[in-house]
Amino acid sequence: MVDSPLNILIADDNKSDRLILAAIVKKMGHHVCFAEDGLQAVAQFNEQKPDIILLDVMMPNMNGQEAALIIKSSVGENMVPIIFLTSLQDATDLAKCLDSGGDDFLTKPYNKIILQAKINAFSRMTKMHITLQHQRDLISEHNEHMVNEQEVARAVFDNVTHSGCLNLPNLKYLLSPFSVFNGDVLLAARKPSGSMHILLGDFTGHGLPAAIGAMPLAEIFYGMTAKGFLMEDILREINSKLKNILPIGYFCCVCMLNLNFRKEQIEVWMGGLPDFYLLRHDTKKVDKIASTHLPLGVLSSQGFDCKTQRFSLRREDRLYMWSDGIIESRNDEGDLFGEERLMDIFNANKVQDNLFDEIVNRLNEFTGESGKDDDTTLLEVRMVEESEVGEVNIDLSSGMITGPTDWNMRYTLRGDTLKTFNPLPVMLGILSDVPALHGLSGQLYTLMSELFSNAFEHGVLGLSSELKKDAKGFAEYYAQREEAMKSMGEGSVTFEFDHTPTSEGGRLALMVIDSGGGFDYQGKQDNQFNDQGYSGRGIPLIMSICDSLEYLGNGNTVKVTLSWSAKGLEE
Amino acid sequence: MECKGTGGISLAHLNMPQIMELKELMDDMFGDLITTYLCDSEEKLPRLEAAINEANSALCTELSHSLKGSSANIYAEDLSALLKNIEDLARADSFESLPDGFINIEHEFQVVKKELLALL
């Protein structure tokens, strides 16, 4: 007897034949059902769902071959073996049976041993078929699940990483559609000061592990850039975060830029990425700039070096950055694209505006079909006038429209901290909790930075702003500044913020008090500090930002106020 | 009745070792099988004769094919061979010698029937 009985349909118009077949099949322990012609066979197949069919060829009403065609066309992907019963001897006739969908045949007189062996063989095949189908369904289910997860991950990833300003007119980029899971990241964001931070990253490995690391990286990049942190601080933070969360052997090759439109200068930190190219607009000369650091996530905070390099970048000078995917792209023959080919494109270039497309096209030609899934990330950065990239537009965080409005804070910097620490990001961070002020981050940053340098340089260090009126004086000024810093002992600068709600919105008063000797501000205040001697203090700039400015005491205290209206916010 | 006393010869009409095996397989269904076979054949043979006389090729083919198969299955090898002959001729639409052939079949069937009944 068998462990799992099958249901076997016997379709034969001859009753004595059916009896013999039934006896053989029942002896094996299987169940039987019967049909006396082809029509009945089809009906019984639909009704009884047999596992194996024994089908006579010559039957009235509908012959076995016709019945087999109908049955086989309706089984779908299930396997229902059909064994033709025949006394046909002719090879062509037997072949015809198999062509019409039969899987095997049995000739009369029926041989018990052969039929039993055939049923056993087909039973094994059917079971294997069912197992395969089951496993295929499982795999397909798992795959669907995985694809779904990847889509969700991708949506989250896009939300986190694509809130930047990659669409600005001075940037061109190529990011492979597979980028989420190939570990390449491309981020760009404006700083409150108007400069732009750009980060191109290439995580080790592929798939989810590579994508996961990109999320905190993007969060830190955007969060800290918006708050006015310097590149060094951001890199240090990302490095320590990645070092903490990534498993050993996982890291991120990074090139980060600070693009300063006003100074026409870039600041670069580069770890582990291939050289990037700097194309001079006027001379068409190409400079290669190489990595000078280890990738992020390798060194501990203590060992991490955030030293940056600075390069001047004139209008229309261009930078080309890439992950190693470009140089390591292969063609169908397995050759690498290589730096030489890349350099050739630069040398052959006639119109610099077309260079980016030339690189992309050349790369596509080279890789052909084989390169479609490579991680090719390419970025062109062009130095432009700040007006071309527009004002800094920092998103207002949702939630309370007014935020904290009634508060006071005092922040004093002393001694060495005063000399070395930049307090602006911290203070800007606190001010940014008031949504209206968050929108004014750029102006506030400028305001505080002017007031701080006035208090520190003119107040605490006692330098004269008059020196700064010409180029020679500037040099002298900075020389004196160095000296004064060295000899400076005690000294402090205090910021006192006082924010109060008003009927329209709120009012910020900022008092900056330095430990210096002050200056004679009477009289100057009356003519709006417009005369030559005080232009170095940036007073007109400050006045353009705030509602009022006044010097108090002996001139070592300055108070500015700035009001905002909730009405303006809602628009 | 004419087969009485010639039992030795009539054994050739049935493949004895095979039918004994079938008997064992069918067990208590063997009687049913034999009765079914005989009834079926006795119903079909007169129809086959009529079909031959009418020179109905299709019906003649169908009946002789069916009888050939069921006879083979009970190991009436000679009878099955005679029926195959009829089937082939009917398929070829050559009816001249068929009536004679049918007489042989009739005779052979009676022999087989006797032998089968003897096994019950």
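A, B, ... follow the sequence lines: proteins, then strands. Residue 1 opens every chain. No experiment lies behind these values; they were computed from the predicted model shown.
- With a 4.5 Å cut-off on non-hydrogen atoms, Phe30(B) does not touch chain A at all.
- When the shell of 6.0 Å around NZ of Lys84(B) is examined, it contains 12 or fewer heavy atoms from other residues, nucleotides or ligands.
- Using a 4.5 Å cut-off between heavy atoms, Leu22(B) touches chain A through its side chain atoms alone.
- Within the 3.5 Å criterion, the main-chain N or O of Cys33(A) finds no donor-acceptor partner in the side chain of Gln48(A).
- When heavy atoms are compared at a cutoff of 4.5 Å, Lys15(A) approaches chain B by way of both its backbone and its side chain.
- The backbone N or O of Val42(A) sits less than 3.5 Å from a side-chain atom of Asn46(A), completing a donor-acceptor pair.
- Contacts of Ile24(A) with chain B are made by both backbone and side-chain atoms, with heavy-atom separations under 4.5 Å.
- Considering only heavy-atom pairs separated by less than 4.5 Å from chain B, the leading option among Asn14(A), Leu85(A), Asp56(A) is Asn14(A).
- At a cut-off of 3.5 Å, with distance as the only test, no side-chain donor of Glu115(B) or His13(B) sits close to an acceptor on the other residue.
- Among Lys44(B), Met26(B), Met29(B), the residue with the largest count of heavy-atom pairs under 4.5 Å with chain A is Met26(B).
- The backbone N or O of Ala76(B) lies less than 3.5 Å from no partner atom in the side chain of Ser80(B), so there is not a single donor-acceptor pair.
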